[in-house]
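Whatever order the structure lists ligands and atoms in, that order sets their numbers, starting from 1. Predicted model, so just to flag it, every value in this text is computed and none were measured.
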Amino acid sequence: MGLHERMQESPYDDLFDKKSAERPLGRFKLPENESDPAEIYQLVRDELMLDGNARQNLATFCQTWADPEVRHLMDDCIDKNMIDKDEYPQTAEVEARCVNIIADLWHAHESKNAVGTSTTGSSEAAMLGGMAMKWRWREARKKAGKDTDKPNMVCGPVQVCWHKFARYWDVELREIPMDRSRYIMNAEEVLKRCDENTIGVVVTLGITFTGQYEPVKEIAEALDRLQKEKGWDIPIHVDGASGGFLAPFCAPALEWDFRVPRVKSINASGHKFGLAPLGCGWVVWSEKKDIPEDLVFYVNYLGGNMPTFAINFSRPGGQIIAQYYNFIRFGRDGYRKIQDGCYNAGKFLVRGLEQFGFFEFLYTPDEKKGIPAVTWKLKDNANLPFTLFDLSDKLRERGWLVPAYTLPAHCDNIAVQRVLVKHGASTDLMELLLEDMKRAVSALESYPPSPRKDARGSFNHS
Ligand SMILES: *Cc1c(COP(=O)(O)O)cnc(C)c1O
């Protein structure tokens, strides 16, 4: 009997002896007929084996650990559409509680009546924060009878969402390039780029490339001086994607939030250090008047008349509910302990990396001047037969994702490697990583990879 000829299916057949297992799953066309869900579930699930193991993904800033209770709540909410606030008023209530809790965490003044919303992540949140800035700037310019066709935004080395914002909404992005002595923005460089068409300055609390916090207060004070001199009242939006849920617990004395009056809006990713599962972000404005009324839409077709300021519409309510669960479950003390645990595991990793002797750190979490991350490069005189890209590739063999990449403009000849230390990255896990790094380094030294012709190879400790 040939491979594809069989007598009859039996309900007792092994899962992999069923008809559906005889050929590859559809890749281009919808199949004509239905199949047994258990069989297809297994085959689809097997495809997922080829994905990386999320817990070993040390590149992402996002959560890769979820408590069983979070999984239950996500399942409980799978059929609830959070936008439908009439049908699911309690989910809407929980979202409002989260906004209140976050506004309080970021020192919004109660009297000022902070407002905010959940989003799918910091990218959507950044769009909303950016749009509010552009709209406010345009209103003020119109009122003053001035032209409104050349808005610009000033920032340091930002995450790609701000490049998107600038392009999608026609705003000139004045990004301060990195410098070998300074991987973040400073007040002097900000002031050089501001003018009457600046809709706002975006300061990042935990920059993507190294993990450092940019100096919000210093920038705000410089903008105060600028306003006195020139009359331009330029607001600050803080991109606290990571730092927004770290600094309040681990660096409480750092003034980066609504304690600084020039900070008008802040975004953060719930699914990063907010500890919520993927698909959760937040944006909060210090006062209701900071959201231009014509950005808010009123929707009556779900019952009731609901205001909405968002780019997306339908999405599941589970992320919001899980965020609330975490807030109540952990409280301030729990968040502080978890995040401190990440800083400590990060410090442990630094001590281990120092032993190699040829790494130079751009950022370590030792002083908590940024997020729990470690960023390093090869020392200029390292003289090794491999690059960080080779090391990154070698670590992949053991499932670790420790990215190597080049820094942005003006420092793009510097290749770095970075580890994000998140909830669930125990000291033991960091020790396992260090052991694998030692093995990888000795393998690369014994069998040096052939020099690459591509762009990455040219960064061989030049
Ligand atoms: C991750 C990140 C973003 C994008 O956030 P998402 O939640 O992934 O959309 C924006 N800015 C910074 C600084 C980030 O770290």
Ligand 1: which protein N/O atoms lie under 3.5 Å from its N/O atoms?
from, atom 1, to, atom 2, distance (Å)
ligand 1, 7 (O), Ser122, N, 2.7
ligand 1, 7 (O), Ser269, OG, 2.8
ligand 1, 7 (O), His271, NE2, 2.7
ligand 1, 9 (O), Ser122, N, 3.3
ligand 1, 9 (O), Ser123, N, 2.9
ligand 1, 9 (O), Ser123, OG, 2.6
ligand 1, 11 (N), Asp239, OD1, 3.4
ligand 1, 11 (N), Asp239, OD2, 2.6
ligand 1, 15 (O), Lys272, NZ, 2.8

- Partner residues of Arg315 under the side chain to side chain donor-acceptor pair (under 3.5 Å) criterion, sequence neighbours left out: Ser118

- Between Asp179 and Ser181, do the side chains contain an N or O donor and an N or O acceptor separated by less than 3.5 Å? yes

- Query: Just by distance, with hydrogens left out, do Gln159 and Asp239 show a side-chain donor and acceptor under 3.5 Å apart?
  - Reply: no

- Trace of the side chain to side chain donor-acceptor pair (under 3.5 Å) decision for His107 with Glu255: CA-CA 10 Å; His107 298 94; Glu255 288 179 43; over 6 Å; no

- Between CG of Leu275 and CD of Gln323, what distance do you get to the nearest 0.5 Å? 7.5 Å

- Leu48 atom CG, neighbour heavy-atom count above 12 within 6.0 Å: yes

